[in-house]
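Notes to accompany the following structure.
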Amino acid sequence: MSSTEQPAPGRAPLGALDRAPAWALAIVPLVLIIGALSAFAAFGGSTLGERVGPAVEELAVERTVLRPGEIDLTVRNTGPDPVDIAQVFVNDAYVDYSTAAQRIGRLGTQTLTLRYPWQEDSPYVVTMLTGTGVTIEHEIEAAVETPASNASFFGLMALIGVYIGVLPVVLGMLFLPLLRRLDGRWIRLAMAATVGLLGFLVVDGWLEGSEVAASSSGAFGGVELVVIGAALAYFALTAIDRYLLSHRDAAKAKGASGHRLALMVSIGIGLHNLGEGLAIGSAYAIGALALGAFLIIGFAIQNTTEGLAIVAPLSDERPSIGRLALLGVIAGAPAIAGTVIGAAAFNAELAALLIGVGVGAIVQVIQQLIPAMRDHTGRALYPASIGAILAGGAALYITGLIVAG
Amino acid sequence: MRRLTRRQTLGALGLGAASLPTLHGLLPHQGLHGGGSTAAASAPGGGHGNGHGGGVNGPTFKRGDVVDHRANGFNPTDILRDFDYGKTRRLASGRVLREWEVFAVDKEIEIAPGVTYPAWTYNGRVPGPTLRCREGELLRIRFVNGSAHPHTMHFHGFHAAGMDGVPEEGDGVIASGDSTVYEFEAEPFGLHFYHCHVSPLAEHIARGLYGTFIIDPKDKRADADEIVMVMNGFNTNFDAEGNQVYAVNSIAFHHVDEPIKVKQGELVRIYLVNALEYDPINSFHIHGNFFEYFPTGTRRQPTDFTDVVLLGQAQRGICEMRFPHTGRFMFHAHKTEFAELGWMGFFEVSA
């Protein structure tokens with residue numbers, strides 16, 4: 001507003017609007033927008049005519065809890081209209097049930113407690129019959145009693161988090177002395193292998209996030225949650241990185257870059273492990289995952305490579321044991337939080353978002369690692385580094401097969 | 001097989017809902033969103049509101065929920081023994097002329113607590129009135145179509161082609177607001193069926209346009225406590241794949257809450273009619289008793305002494321029994337899936 005009095009060529013001369021204070025230019029359109037929308041809300045409906053067609057009734061079951069003789073369904077109305085759940089049948093038999101209210105408003109939730117003598121391992125189809133006769137089905141692939149959410153259960157979940165997160169990462173970090181012995185060329189290849197490994201995690205996280213998002217009710221979005229999570233993590237980590245960079249550069253010259261890189265890698269991997277823990281905890285809670293020692297070993301082997309990725313940037317550094325332990329905890333401990341949250345209150349939307357966070361974090365870490373791959377000519381991609389990238393990806397693919405097995 | 005198709009239907013829920021607008025658009029939306037059940041729970045004569053069963057004790061609607069029979073305009077307990085004899089007068093020839101007026105009307109009915117169904121009805125009830133006459137009488141049924149859709153009345157029995165109540169014969173399809181008269185002689189005696197015969201046929205029947213047509217033999221059947229049971233169902237999601245609710249006389253589990261009261265040792269005659277659409281068979285089974293079975297009621301000799309009969313669509317038969325013991329005795333479809341979806345009830349036998 002404090003610009004020149006001389007109108008720019010081709011522009012209209014200054015009018016009253018240009019002289020008005022800036023706050024007025026903000027307030028007036030806002031008032032007009034609110035006024036117009038209020039007027040439309042009050043009177044505009046009648047200009048659109050009668051609604052055509054019946055109410056759109058959609059429900060999504062967000063959580064299923066099985067107790068002996070009872071099935072609890074947490075149901076969300078994901079459609080545009082209120083839904084009345086009038087009656088419920090399980091495998092073609094009407095059941096008695098209790099609920100706080102029959103009507104569920106848009107985006108509202110309600111828990112139905114069905115009295116039904118279900119049998120272990122059997123499949124069930126729960127059909128909700130709405131007031132207009134629409135049937136909405138929910139499939140229980142195999143009925144398994146939901147574990148009670150007590151201290152020992154959460155203790156077990158935390159232990160699983162330690163097994164799959166903290167321990168393997170710390171074990172992977174034990175390669176640091178070896179990395180120190182290697183010359184720069186091998187270090188660059190270790191970085192390239194780490195990039196390959198993390199690239200695999202990006203693809204893996206993306207696929208899992210999409211799958212989880214597809215299983216969500218859709219009320220709060222599906223795959224876009226993964227994208228939002230990824231973008232959030234990517235930009236947040238970039239901001240942190242820039243902050244660290246500006247402070248460290250002032251203090252020391254180049255010496256801190258290895259530490260900074262290791263910290264960024266461990267934060268990225270930590271966010272990834274949060275999503276991974278969530279997936280494992282929720283799968284266990286709904287009985288979809290037979291938690292064998294073999295599976296834990298599979299995850300552990302896979303995550304050992306993550307420890308390697310953290311210490312790779314530190315080959316020129318002399319970090320203290322305490323600092324190394326901290327890096328390990330940053331990368332591994334989120335798995336504990338993930339398993340506990342996943343088992344206690346799994347929600348597909350939250351899971352999709354958090355898995356997306358892991359994806360975005362790792363993309364950011366890859367971006368950080370690429371400069372460390374460069375050879376003396378400044379290329380990041382050369383035959384040896386490409387081979388190392390592929391080897392890193394293959395290592396996770398193969399260890400991933402153990403998990404799938 | 002049906003479960004698979006139901007799942008598919010669910011997947012295409014939007015599609016299923018898309019087929020509804022024409023129906024809903026034409027019908028009054030009163031009480032569309034339930035609330036009827038809460039009103040009914042406090043309504044007098046609403047039955048034993050606390051319900052029966054649950055868990056291992058058997059299928060049930062949400063306990064405490066009952067249908068508002070008053071809003072429906074009919075109570076299945078009354079339908080059991082409600083015979084419509086019409087008006088009679090003796091013609092100059094000495095023959096009896098029996099006349100009825102039946103109207104078709106669209107009506108939203110509560111078929112299960114809180115679940116409304118846009119029915120097409122004869123005389124505002126499902127099943128339609130039980131028309132009863134005597135063999136050899138001249139019958140005249142004036143049919144007035146007050147529904148928004150074209151309908152007919154097609155009677156099972158002997159009659160001229162023009163009185164068949166099918167499209168393109170006689171008056172053919174009776175348009176909304178039009179009327180016609182069906183006239184024929186009451187023969188053969190037995191337990192018969194009438195229904196609308198307009199296309200799509202399955203839908204016109206499934207919507208509720210059917211009823212029982214009894215022609216008594218010239219020499220009367222023995223005195224008995226006579227009961228009409230029309231086995232029917234409602235395909236509430238209109239997927240034409242089975243039904244979501246099964247019943248006798250429309251209201252599922254009604255006779256669980258309000259058992260049918262009969263006397264020990266007294267002859268009970270059940271006029272059993274299968275009006276079920278979208279399922280190929282239905283069945284009837286009684287506990288603690290056996291019955292003489294007269295298929296279609298057209299022979300005076302029973303063909304079976306049994307406790308289960310199987311009926312295809314529009315099949316019917318007379319069951320005669322005496323309850324040897326007092327107490328509550330269940331009856332239900334021994335197609336047990338139907339039983340657990342509502343087609344079950346109790347006799348309460350008292351001394």
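Residue numbers begin at 1 in each chain, while the letters A, B, ... track the order of the sequences.
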Measuring only between side-chain heavy atoms, which start at C-beta, is [X] closer than 4.5 Å to [Y]?
{"X": "B/N237", "Y": "A/V134", "answer": "no"}
{"X": "A/Q87", "Y": "B/Q244", "answer": "no"}
{"X": "B/T60", "Y": "A/Y94", "answer": "no"}

To the nearest 0.5 Å, what is the distance between CG on A/L114 and NZ on B/K62? 11.5 Å
When you look at CD of A/E141, are more than 12 heavy atoms from neighbouring residues, nucleotides or ligands closer to it than 6.0 Å?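 Incorrect, the count does not exceed 12.
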Tell me if the CD atom of A/E211 is crowded by more than 12 foreign heavy atoms within 6.0 Å. no
Sub-3.5 Å donor-acceptor pair from the side chain of B/T236 to the main-chain atoms of A/T135, do we have one? no
Tell me whether A/D96 contacts the main-chain N or O of B/R63 through its side chain, where contact means a donor paired with an acceptor under 3.5 Å. yes
With a 4.5 angstrom heavy-atom cut-off, could you sort out which part of B/Y117 is near chain A: side chain, backbone, both or neither?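 Neither part.
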Less than 4.5 Å to any heavy atom of chain A: does that hold for the side chain of B/F253, its backbone, both, or neither? side chain
Considering non-hydrogen atoms only, spot the tightest contact between A/A86 and B/D65 and give its length. O-OD2, 4.2 Å
Top of A/I85, A/L129, A/T99, A/V88 for chain B proximity - count of heavy-atom pairs under 4.5 angstrom: A/L129
